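Following: one structure in structure tokens, then a few remarks.
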Amino acid sequence: MRDPKPRRSPAAPTLAGRLRKHSTWLLLLLLWFALSLYLFISPTPPAAAPLRRSAFLRSKARALSATTAPPVRIYVYDLPARFNSDWVAADPRCARHLFAAEVAVHEALLAYAGRAARPEDADLFFVPVYVSCNFSTPNGFPSLSHARGLLAEAVDLLRTQMPYWNRSAGADHVFVASHDFGACFHPMEDVAIADGIPEFLKRSILLQTFGVQGYHVCQEVEHVVIPPHVPPEVSHELPEPEKVRRDIFAFFRGKMEVHPKNISGRFYSKKVRTELLQHYGRNRKFYLKRKRFDNYQSEMARSLFCLCPLGWAPWSPRLVESVLLGCIPVIIADNIRLPFPSVLRWPEISLQVAEKDIASLEMVLDHVVVTNLTRIQKNLWDPMKRKALVFNRPMEVGDATWQVLRELEILLDQSQRRVDRPFQLVSCKSKGVKECIGDWMITSSTLLLKAQ
């Protein structure tokens, strides 16, 4: 009978095993230390609080629909008339030109039954300062040279006389910047970038017509992209879009320079409008006019496609006018961000053509005519699409001011989620000690689980 196989004595723990065991305990110890440190310093409030939501909204959040007013409670400051109404009284153009969203939003909010009557009940605070009403330039466009000073004066007033700005450093305060490069307050992009956003506005929320994909100095602030102002009656003065005979194939009326480099040394429209004129100025399918015509909107209403090339900035009032008049917008502005994309599905109601593809524009439009023209027009002619781009006074359900409130409510929801989940895996750059410890705690926990 053979002897049974002798059992091996247990091998001594390997070096890797001992290190794994000790590293697990070390991670646990460090995690306990970090948690203790975090709790120790947590009573200290941050320098500027995040956007806050009232207890009512936290407990009764409701889904937004086409028939439900956004539940955001916004308080409208009653600033001295020199910041707003005096400008309208001095020049009625202030309330009607393409930058007049600052006036329209203010007036609509004043008549809004859901606004906060008391500041202590508010989620957000609207600061009504009209900076686009100084019609002192020879070309009839407003000057922005006074904008920073006027806004700084308003903020100083809030800092010294109201308690609400200081508690959040303006993070729950809303301004309108309805001109070319938004919060940079200059019509020339290179100067706007060099000037940047005023320091006192960098924590606030801006409603601005300027928006591009990717990084840009002039949108490095919490913001909502809004449409340029077009008087609401534009959509009522002409027949319904589906009832109009469209005998113009492609339309554009506006500034088109034969030599795009103007006296400032800058190339207007990045040469796009000049190339449009060069390629299609003699093409009978294209109705291109360089001179102004007060009744140009009747021409748009007769057109199948309305060209919306960039000017100094990517956006243009033609974008809104085209939709209101049932003419398919052809957007020629690379990387533009368009207003209210969750409601206005722009790929379904417009075309986007790259700036470099101007030479192929006719072919693109011809292709649309024989493929999906009817579908685009059906989507475009939906009355709700037109309403979403119009600033009515008083505000109406689904109109542009209503959409602004909806977007602000979304920002509040996102801010609340950030408060509810403070330990997100993000870079520690520009963060305080607590945030970085929170990030480290998550990282340590993940390593601990992997080690086990």
Side-chain angles (χ1 to χ4, degrees), residues 77 79-80 82-88 90-91 93-106 125-159 165 169-171 173-212 214-229 262 264-266 268 310-317 333 336-337 339 391 404:
Y77 281 114
L79 296 182
R82 69 179 183 275
F83 292 107
N84 40 65
S85 58
D86 281 354
W87 292 96
V88 180
D91 194 326
R93 288 179 296 175
C94 178
R96 296 187 58 80
H97 68 129
L98 73 163
F99 303 137
E102 58 187 8
V103 183
V105 172
H106 181 206
F125 298 81
F126 183 76
V127 187
V129 183
Y130 303 168
V131 300
S132 300
C133 291
N134 183 10
F135 291 91
S136 58
T137 55
N139 60 11
F141 290 104
S143 168
L144 293 174
S145 58
H146 70 303
R148 290 170 180 260
L150 190 66
L151 284 162
E153 186 182 350
V155 170
D156 285 342
L157 184 68
L158 297 180
R159 281 173 173 159
W165 176 279
H173 283 57
V174 181
F175 297 80
V176 179
S178 55
H179 34 268
D180 283 353
F181 293 100
C184 286
F185 301 106
H186 198 282
M188 299 289 104
E189 185 172 18
D190 54 347
V191 181
I193 291 173
D195 289 348
I197 300 170
E199 195 66 34
F200 58 84
L201 287 182
K202 286 186 176 179
R203 292 192 60 82
S204 298
I205 304 172
L206 274 293
L207 310 179
Q208 57 186 52
T209 42
F210 173 69
V212 292
Y215 171 80
H216 196 287
V217 168
C218 298
Q219 62 181 15
E220 277 207 312
V221 62
E222 195 83 77
H223 64 279
V224 173
V225 177
I226 63 173
H229 180 266
N262 72 2
S264 69
R266 302 175 177 91
Y268 181 67
L310 73 160
W312 289 120
W315 62 271
S316 160
I336 187 173
R337 272 198 305 130
F391 293 97
V404 165

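Keep in mind that what you see is a predicted model, and the values were worked out from it rather than measured.
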Please list, chain by chain and in numerical order, all residues satisfying side chain to side chain contact (heavy atoms under 4.5 Å, CB included) with D91, sequence neighbours excluded.
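By the side chain to side chain contact (heavy atoms under 4.5 Å, CB included) rule, D91 matches R93, F135.
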Spacing of [X] atom [atom1] and [Y] atom [atom2] [to the nearest 0.5 Å]:
X: W315; Y: L98; atom1: CH2; atom2: CG; answer: 4.5 Å
X: F83; Y: L157; atom1: CZ; atom2: CG; answer: 5.5 Å
X: H223; Y: I197; atom1: NE2; atom2: CD1; answer: 9.0 Å
X: C94; Y: F99; atom1: SG; atom2: CZ; answer: 12.0 Å
X: S316; Y: L310; atom1: OG; atom2: CG; answer: 9.5 Å
X: F175; Y: L201; atom1: CZ; atom2: CG; answer: 5.0 Å

Applying side chain to side chain donor-acceptor pair (under 3.5 Å), name anything that partners [X], two or more places apart in sequence or on another chain.
X: T209; result: none
X: N134; result: S136
X: H97; result: none
X: S204; result: none

Counting only N and O atoms by type, is there a donor-acceptor contact under 3.5 Å from the side chain of E102 to the main-chain atoms of V131?
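Confirmed, E102 side chain pairs with V131 backbone.
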Quick one: does any side-chain atom of Q219 pair with a main-chain N or O of G214 as donor and acceptor, under 3.5 Å?
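Checked: pair present.
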Name each donor-acceptor pair under 3.5 Å that joins a side chain in residues 144-152 to protein atoms two or more places apart or in another chain, with its distance.
{"residue": "S145", "atom": "OG", "partner": "S143", "partner atom": "OG", "Å": "3.0"}
{"residue": "R148", "atom": "NH2", "partner": "C184", "partner atom": "O", "Å": "3.0"}
{"residue": "R148", "atom": "NH2", "partner": "G196", "partner atom": "O", "Å": "2.5"}

Counting C-beta onward and ignoring hydrogens, is there a side-chain heavy-atom pair between [X] and [Y] closer than 4.5 Å?
X: D190; Y: R266; answer: yes
X: L79; Y: L158; answer: yes
X: F126; Y: H106; answer: yes

Residues two or more places apart in sequence or in another chain: which of them pass salt bridge (Lys or Arg N to Asp or Glu O under 4.0 Å) with [X]?
X: R337; value: none
X: D86; value: none
X: E153; value: R82

Please enumerate all residues that pass ring pair (Phe, Tyr, Trp, His ring centres under 6.0 Å) together with F210, with sequence neighbours excluded.
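With neighbours one apart ignored, the set is F181, H216.
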Just jot down the ring pair (Phe, Tyr, Trp, His ring centres under 6.0 Å) partners of H179, sequence neighbours excluded, or say none.
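Only F185 meet the ring pair (Phe, Tyr, Trp, His ring centres under 6.0 Å) criterion with H179.
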Minimum heavy-atom distance between [X] and [Y], given as atom pair plus value:
X: A101; Y: S178; value: CB-CB, 4.1 Å
X: P142; Y: C133; value: CB-N, 4.3 Å
X: V129; Y: A154; value: CG2-CB, 3.7 Å
X: P314; Y: V212; value: CG-CG1, 3.8 Å
X: A183; Y: V221; value: CB-CG1, 4.5 Å
X: F391; Y: A104; value: CB-CB, 3.6 Å

Got a sec, which pairs hit ring pair (Phe, Tyr, Trp, His ring centres under 6.0 Å) with one end in residues 186-205, sequence neighbours left out?
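Sorted pair list comes back empty.
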Chi angles and distances behind the side chain to side chain contact (heavy atoms under 4.5 Å, CB included) call for W312, M188:
CA-CA 7 Å; W312 289 120; M188 299 289 104; 3.4 Å; yes
Flag if over 12 foreign heavy atoms under 6.0 Å of CZ, R96:
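Open.
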